[in-house]
Amino acid sequence: MNTRIITLNRDSYIGITLKWIGLFIFLTLFTVGVNNLHQKQLRKLTVSSELLKQKSLLISKMHNEMLSISRTQFQLLQASNEQQVINELRQLSDLISDHLIHYYQLKAIADESDAELLMRYRIGFEKWHNFNEDLLGYANVVADSGFINTLKKVDLAFSQLDQDDNKKLLLVSQLR
């Protein structure tokens, strides 16, 4: 009877030990799985956060550029001499080129939630383009070749708005 009790106790210790080992293995695998899931979600949130920061920076730049373009257009309308007009047009061309570069950068990282924002920038650009076409018509009447060439650069920058090709973006950046 004593040997039977010892055998039962030994079997019970082996069973308990196996249960604890099984529980330890299960908890280890569960911890590794949860940790991997946590790390994956953390990386996903980090990428999302960086993308939002990048979008926010581009939107801020584009907003400031829109204000500068409007200010430059106003100064252009109030220019008192030819040299001031040419300087304002060059500045306008540079601002529009920068704005287009930032527009393409934003468009490249935008998702469907940014479609309305991109449309607003596009509408603003179309308004500026119409203003530039009026100035180009005026320059053709005045027949100032420097004035016309500068306006054509601005017009070329505007015309690149619909292009998605990287070569077109390179062309816009070369206008500067």
State whether the side chain of Thr31 and the backbone N or O of Leu27 hold a donor-acceptor pair below 3.5 Å, judged by distance alone. yes

Sub-4.5 Å side-chain heavy-atom contact between His99 and His102: no

Can you tell whether the side chains of Lys55 and Asp111 come within less than 4.0 Å, N to carboxylate O? yes

Could you state the interatomic distance from OG1 (Thr46) to CD (Gln41), rounded to the nearest 0.5 Å? 10.5 Å

Crowded around Gln39 CD? As in, over 12 foreign heavy atoms under 6.0 Å? yes

Output yes when a side-chain donor or acceptor of His63 lies under 3.5 Å from a complementary backbone atom of Ile59, and no otherwise. no

All heavy atoms of Leu92 vs all of Ile69, minimum pair found to be CD1-CG2, 3.6 Å

If I compare all heavy atoms of Ala110 with all of Leu118, which pair ends up nearest, and what's the gap? CB-CD1, 3.7 Å

Run the numbers on Gln83 and Asn87 for side chain to side chain donor-acceptor pair (under 3.5 Å), then give the verdict. CA-CA 6 Å; Gln83 187 58 42; Asn87 290 340; 3.1 Å; yes

For Leu45, is there any backbone N or O sitting under 3.5 Å from a side-chain donor or acceptor partner on Ser49? no

Measure the CG-CZ distance between Leu29 and Phe24 for me, rounded to the nearest 0.5 Å. 10.0 Å

Do Asp114 and Ile109 come close enough that some side-chain heavy atom pair is under 4.5 Å? no

Any chance you could measure Met62, atom CE, to Tyr121, atom OH, to the nearest 0.5 Å? 5.0 Å

Side-chain heavy atoms of Lys53 within contact of Ser56, under 4.5 Å: no

Check this for me, if you would: do Lys61 and Glu65 make a salt bridge, where the nitrogen-to-carboxylate-oxygen distance has to be below 4.0 angstrom? no

Could you grab the distance from atom OG of Ser68 to atom CD1 of Ile96, nearest 0.5 Å is fine? 11.5 Å

When hydrophobic residues are tied together by side-chain contacts of less than 4.5 Å, even through go-betweens, does Phe26 share a cluster with Ile16? yes

Go through the steps to decide whether Lys44 and Lys40 satisfy the test side-chain contact (heavy atoms from CB on, under 4.5 Å), and finish with yes or no. CA-CA 6 Å; Lys44 189 176 177 181; Lys40 183 179 177 182; 5.8 Å; no

Which value, rounded to the nearest 0.5 Å, describes the distance between Leu58 atom CG and Ile101 atom CD1? 11.5 Å

Hey, any chance Leu67 and Tyr103 share a hydrophobic cluster, counting ILVMFWY side chains that come within less than 4.5 Å of each other, even indirectly? no

Hey, what do you get for CG (Leu100) to NZ (Lys107), rounding to the nearest 0.5 Å? 10.5 Å

